Amino acid sequence: MEFVGKRYKLSSSEKFDEYMKALGVGLIVRKMGAAVSPVVEVTENNGEYTMKTQSTFKNQEIKFKLGEEFDEETPDGRKVKSVITLDGNKMTHVQKGDKETLIEREFTPTEMKAVMKVDDIVCTRVYKIEN
Ligand code: DKA
């Protein structure tokens, strides 16, 4: 996969505050979440994927196999059951917890676009490639 090992840094974000609010994230964490530009990197080794999301607020690392449910702790501390699948350069990430969240990430040679949905909120975050 061409996006493996590339670093993508947040460059624009829409409706992220509404998204976090719908997930019950408190004001202070929302302010910190809004202030940082995380860097996302996906690597793969023998079918095991690692996705690292790094920022001065929090570093998160999840490990998963495509289509297999795993336990995830989100950067704001929710414990969810997640499944990630891949179709070409499009990654679909379903998180089941108190609420169900859908995160679709599309990787291209220049950027990664994440569309994050919860309730009727659609948050769009675009990350630009760093290397
Ligand atoms: C990102 O990957 C953001 C990930 C969203 C996490 C949900 C709420 C976090 C609150 C700081 O850029």
Side-chain angles (χ1 to χ4, degrees):
M1 262 70 62
E2 62 184 281
F3 59 82
V4 162
K6 303 273 196 274
R7 289 161 53 86
Y8 295 86
K9 186 178 172 70
L10 185 73
S11 86
S12 73
S13 181
E14 271 172 38
K15 297 226 165 73
F16 188 48
D17 193 56
E18 290 88 336
Y19 175 86
M20 290 188 286
K21 248 188 216 168
L23 288 168
V25 180
L27 179 68
I28 297 182
V29 172
R30 292 208 312 275
K31 294 278 176 213
M32 290 193 282
V36 293
S37 294
V39 173
V40 177
E41 182 178 11
V42 179
T43 52
E44 186 262 341
N45 185 13
N46 284 329
E48 183 175 66
Y49 286 76
T50 303
M51 188 187 309
K52 285 187 193 167
T53 303
Q54 295 178 301
S55 74
T56 49
F57 166 59
K58 204 131 214 181
N59 294 326
Q60 186 205 24
E61 182 174 302
I62 55 175
K63 287 187 181 288
F64 56 94
K65 290 189 176 151
L66 298 175
E68 288 186 15
E69 188 177 84
F70 62 98
D71 292 311
E72 175 180 2
E73 182 166 344
T74 64
D76 54 302
R78 283 168 296 128
K79 291 191 165 63
V80 295
K81 299 273 182 199
S82 293
V83 178
I84 297 181
T85 52
L86 187 64
D87 180 9
N89 283 336
K90 251 192 189 171
M91 201 174 250
T92 301
H93 183 170
V94 176
Q95 294 172 324
K96 289 190 180 164
D98 288 341
K99 287 195 179 181
E100 185 165 322
T101 313
L102 174 68
I103 305 173
E104 291 170 312
R105 299 180 178 89
E106 185 168 5
F107 297 83
T108 74
T110 54
E111 64 180 38
M112 186 270 280
K113 185 174 168 185
V115 177
M116 311 183 359
K117 298 178 185 169
V118 64
D119 298 339
D120 58 348
I121 312 279
V122 180
C123 159
T124 304
R125 282 159 75 78
V126 177
Y127 304 69
K128 297 283 181 196
I129 199 144
E130 284 210 305
N131 58 357

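Counting starts at 1 for both ligands and their atoms, in listed order. For clarity, every value in this text was computed on a predicted model and none was experimentally measured.
Contact annotation: the side chain of Phe70 approaches that of Ile62 to within less than 4.5 Å [non-hydrogen atoms, C-beta and beyond].
Protein heavy atoms are found inside the 4.0 Å sphere centred on atom 10 (C) of ligand 1.
Counting heavy atoms closer than 4.0 Å to ligand 1, residue Met32 contributes nothing at all. Within the 4.0 Å heavy-atom criterion, the part of Arg78 lying near ligand 1 is the side chain and not the backbone.
Summarising the local packing, NZ of Lys63 is surrounded by more than 12 heavy atoms from other residues, nucleotides or ligands at distances under 6.0 Å. A 6.0 Å sphere centred on NZ of Lys52 holds no more than 12 heavy atoms belonging to other residues, nucleotides or ligands.
Inclusion of Arg125 in the set of residues having an N or O under 3.5 Å from an N or O of ligand 1 is warranted.
By the 4.0 Å N-to-carboxylate-O rule, Glu73 lies close enough to Lys79 to be salt-bridged with it. Under 4.0 Å is where a charged nitrogen must lie from a carboxylate oxygen, and between Asp119 and Lys99 at least one such pair does.
Of all heavy-atom pairs between Lys128 and Ser11, the closest is CG-OG, 3.4 Å.
Close contacts between ligand 1 and Gly33 involve ligand atoms 11 (C) [criterion: under 4.0 Å to a heavy atom]. Short contacts between ligand 1 and Pro38, defined as distances under 4.0 Å to a heavy atom of the residue, involve ligand atoms 12 (O).
Looking from atom 8 (C) of ligand 1 to the surrounding protein, the closest heavy atom is Asp76 OD1, 3.4 Å.
Nearest-heavy-atom check against atom 12 (O) of ligand 1 across Tyr8, Phe57, Tyr127, Phe16 picks out Tyr127.
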